[in-house]
Amino acid sequence: MKRIVVGLVLAQSLLVPASVADAAGAAVCARYGRQIAHFEGMVDRAKARENELWTERTQQHVDRLRAIAEPQCPQLKDGAAAQAEAFADLLKFAGRAALTYFTFGAF
């Protein structure tokens, strides 16, 4: 019986670090996604203001971020940065709605 318990404890100890690493990797990918989405927005702002130098430098920064992030986070290749930004906006809206609801419109 002791061998079974020891075996289960060892198996669990081997699985926990893998799940923690996956969670840490997901957080890193989410951070890269938010950064890429933010700086792509800055590129659009620079284009709207017709500032070529700002546009060029910010696009170079986006390209560097993508070069760093894509080997670690292949899901960012499919425009996940825009999806991350949209999800962040949804969470902000939900937070404001919850605040209004739970304070009866006081805030």
Side-chain angles (χ1 to χ4, degrees):
M1 183 67 176
K2 287 183 181 180
R3 289 182 185 180
I4 293 173
V5 172
V6 171
L8 290 174
V9 170
L10 285 175
Q12 184 179 10
S13 67
L14 293 174
L15 294 176
V16 171
S19 64
V20 171
D22 290 343
V28 169
C29 291
R31 187 182 77 222
Y32 278 132
R34 285 190 304 271
Q35 287 179 347
I36 291 169
H38 169 75
F39 285 108
E40 284 176 344
M42 290 293 108
V43 169
D44 294 339
R45 181 183 286 184
K47 286 179 183 177
R49 293 187 180 175
E50 298 177 0
N51 188 330
E52 293 179 23
L53 183 60
W54 185 19
T55 304
E56 179 184 335
R57 297 298 177 156
T58 308
Q59 185 60 51
Q60 288 174 357
H61 185 62
V62 169
D63 295 341
R64 279 192 302 269
L65 282 173
R66 283 194 182 280
I68 293 169
E70 286 180 355
Q72 300 172 18
C73 312
Q75 69 270 22
L76 290 178
K77 292 180 183 178
D78 301 331
Q83 291 176 350
E85 185 69 24
F87 185 67
D89 291 340
L90 176 68
L91 289 178
K92 288 177 189 175
F93 175 75
R96 286 191 301 268
L99 182 66
T100 302
Y101 178 77
F102 289 114
T103 60
F104 301 107
F107 289 100

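Worth saying up front: this structure is predicted, and the values here are computed from it rather than measured. All residue numbers refer to positions in the sequence shown, counting from 1.
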Cluster companions of Phe102 among Ile, Leu, Val, Met, Phe, Trp, Tyr (side-chain spacing under 4.5 Å): Tyr101
Arg31 CZ: over 12 foreign heavy atoms closer than 6.0 Å: yes
Any pair counted as salt bridge (charged side-chain N to carboxylate O under 4.0 Å, His left out), so long as it reaches residues 67-76, sequence neighbours left out: Arg66-Glu70
Residues which pass side-chain hydrogen bond (donor to acceptor under 3.5 Å, both in side chains) with Thr58, listed by chain and number, not counting sequence neighbours: Trp54
Side-chain touch Met42/Arg45, heavy atoms, less than 4.5 angstrom: yes
Nearest heavy atoms of Val28 and Gln72, plus distance in Å: CG1-OE1, 3.8 Å
Side chain to side chain contact (heavy atoms under 4.5 Å, CB included) partners of Leu53, counting only residues at least two apart: Asn51, Arg57
All ring pair (Phe, Tyr, Trp, His ring centres under 6.0 Å) counterparts of His61, not counting sequence neighbours: Phe39
Atom pair CG/CZ of Leu65 and Arg34 - distance to nearest 0.5 Å: 12.5 Å
List the atom pairs, with distances to 0.1 Å, where a side-chain N or O of residues 92-100 and a protein N or O form a donor-acceptor pair under 3.5 Å, not counting sequence neighbours.
{"residue": "Thr100", "atom": "OG1", "partner": "Arg96", "partner atom": "O", "Å": "3.0"}

Test log, rule side-chain contact (heavy atoms from CB on, under 4.5 Å), inputs Glu56 and Gln59: CA-CA 5 Å; Glu56 179 184 335; Gln59 185 60 51; 5.9 Å; no
